[in-house]
There are 2 protein chains.
Amino acid sequence: MSPNLSVAEENYIKSIYHLQQDAESVTTNALADHIKTKPASVTDMLKKLQLKNLLNYNPYKGFRLSKEGNKAALNIIRRHRLWEYFLVNQLQFNWDEVHDVAEQLEHVISRKLVDKLDAFLGYPKFDPHGDPIPDGNGKINYQQQMPLINLPLNTAAIITSVQNQSSDLLAFLSNRDMHIGTKVEVKQKLNFDNSLEVKIKNKQSFHVSEQVANAIQVNPL
Amino acid sequence: MSPNLSVAEENYIKSIYHLQQDAESVTTNALADHIKTKPASVTDMLKKLQLKNLLNYNPYKGFRLSKEGNKAALNIIRRHRLWEYFLVNQLQFNWDEVHDVAEQLEHVISRKLVDKLDAFLGYPKFDPHGDPIPDGNGKINYQQQMPLINLPLNTAAIITSVQNQSSDLLAFLSNRDMHIGTKVEVKQKLNFDNSLEVKIKNKQSFHVSEQVANAIQVNPL
DNA sequence: ATTTATTTTTAGACAAACCTAAAAAAAATT
DNA sequence: AATTTTTTTTAGGTTTGTCTAAAAATAAAT
Ligand SMILES: [Mn+2]
Ligand SMILES: [Mn+2]
Ligand SMILES: [Mn+2]
Ligand SMILES: [Mn+2]
């Protein structure tokens, strides 16, 4: 069933999974970029993953995970997000400090460990950044959400997730009291740089760049 | 200060640390045996560790960890034992199920993680097998203890630790209600195979081989 | 439709960590 | 003291995952 995967293989699989969310098929360069390696190295690994039936790969055309590859990816993501939840909710890490440690912990392989951790944490549904945690069967429930930049003016919405693992960005948001579950409204759109003026209840409104407004996901009330 | 170590290097360092406890200096074959690799591979790694100033190595004569190597070893052992404690006391693992998972978790490198885990667990002094947990400065307090096989007849003693990670042995002991803290007495020594007849309060006495009696450490009352 | 630019793959190297087989050193026997 | 055995090291390979440089395929521009 599930072949033993090296840390490198797991990292490739996880990256491909994320990249194929917003694209028909993934390209060699995009993956090389994402994983901070060279395209030649990617091509090598693609062949290995195809040989293990984890990938559907058409040379020069692109690739996607196979059914089995997807399952493997969801398992890795499950571990990553459960550990992030543990670090924040049990060990008192801040949400901007957990990603790098979780990048290591996700590669610890033990079905029993993951299941017991899940139970210990009370079967959480979302990680500290609002991302859904796949269950033991690889089932994942995506939330209904849209980027803050698409939210109409003066419409109340709840922050549901942040699609960026950068420690700097997360600390920036904490600093302005923007967390998962916080109610926000867009007061103004500035056309020259697509930035926003944003307001949180009982607080002075503040300014948010296009990049940040793209990363913040919300659900209108 | 502390150079980045690969998983392989950490495993060598930890093994050398354990082997040098009961020997003046460690031999290539002993280490190869312990780490389940070939002597030629050990020699390769010894050179690398010496180059990193973690080892004092005299070709053909033997080797020991340097001061810095010792410090690295105690750090790895600290992580291993804290995770074992976590697995048993928080995740409800049995003491015979934790070693292999801890072998993986011990290689997750984050000072903050270890310190927060330690605090979360309440700064435990001993792991589930009775082994002392080094503190953040690498200080370790060995208990006063002796192998059960050396305990005089009809002398009550407390089990302080089990010097063997074998899942089978630990399950065998659990099965006979022998745990850390259990009070035992040796009723009889059988000279032909150095086995013992052992008694625990309110229980039928039972038989224990020389190997087991060597692994069980006790502290006479 | 050519030419040019970009993307992707191939070819050949390298470091880490392992291996087997042979050589060298040390230890044990006679 | 010489010989045999054991231990350790060296020499030369292999696998995994990376790299650079060159070749091939595809896409874009003229
Ligand atoms: Mn993360
Ligand atoms: Mn996350
Ligand atoms: Mn252990
Ligand atoms: Mn232990």
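Proteins get letters first, then strands, A, B, ... in listed order; numbering begins at 1 in each.
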Exercise. In whole angstrom, give the distance that lies between atom CD of A/Glu9 and atom P of D/dT16.
Key: 9 Å

Practice problem: Answer with base, sugar-phosphate or nothing: what part of the nucleic acid does A/Tyr12 contact at a heavy-atom distance below 4.0 Å? | Solution: sugar-phosphate

Quiz item: For the residue pair B/Trp83 and A/Trp83, does the interplanar ring angle fall in the parallel (under 30°), tilted (30 to 60°) or perpendicular (over 60°) class?
Solution: perpendicular

Self-check item: Backbone N/O of B/Asn137 and side chain of B/Asp135: donor-acceptor pair under 3.5 Å
Solution: yes

Quiz item: Is the closest basic N to carboxylate O distance between A/Asp115 and A/Arg111 below 4.0 Å?
Solution: yes

Self-check item: Donor-acceptor pair, side chain of B/Thr160 and main chain of B/Gln217, under 3.5 angstrom
Solution: yes

Quiz item: In a check of salt bridge (Lys or Arg N to Asp or Glu O under 4.0 Å) between A/Glu9 and each of A/Lys52, A/Lys47, A/Lys14, A/Lys48, which one passes?
Solution: A/Lys52

Quiz item: Ring centres of B/His129 and B/His99 under 6.0 Å apart?
Solution: no

Distances under 3.5 Å between protein N/O atoms and the N/O atoms of nucleotides 3-5 of chain D, please, pair by pair.
none

Quiz item: Using the ring of each side chain (for Trp, its six-membered ring), is A/Phe63 parallel, tilted or perpendicular to A/Tyr57, with breaks at 30° and 60°?
Solution: perpendicular

Quiz item: Earliest and latest nucleotide of DNA chain C, 5' to 3', sitting under 4.0 Å from a non-hydrogen atom of chain B?
Solution: C/dA16 to C/dA26

Quiz item: Are A/Ser6 and D/dG17 close enough that a side-chain N or O sits under 4.0 Å from OP1 or OP2?
Solution: yes

Quiz item: Is there a side-chain polar atom (N or O) of A/Thr37 under 4.0 Å from OP1 or OP2 of D/dC19?
Solution: yes

Quiz prompt | B/Lys61 NZ to B/Thr28 OG1 distance, which is reported to the nearest 0.5 Å | solution = 13.5 Å

Practice problem: Give the ring-plane orientation class for B/His179 versus B/Trp95, where under 30° counts as parallel, over 60° as perpendicular and anything between as tilted. | Solution: tilted

Exercise. May I ask you to list the residues of residues 40-60 of chain B, by number, that have any heavy atom positioned under 4.0 Å from an atom of DNA chain D?
Key: B/Ala40, B/Thr43, B/Lys47, B/Tyr57, B/Pro59, B/Tyr60

Quiz item: Within the distance-only criterion (no hydrogens, no angle test), does the side chain of B/Lys125 pair as donor or acceptor with the backbone N or O of B/Tyr123 below 3.5 angstrom?
Solution: yes

Practice problem: Verify whether the ring centers belonging to A/Phe86 and B/Phe86 lie closer than 6.0 Å. | Solution: yes

Quiz item: Would you say A/Lys38 reaches D/dT18's phosphate, i.e. side-chain N/O to OP1/OP2 under 4.0 Å?
Solution: no

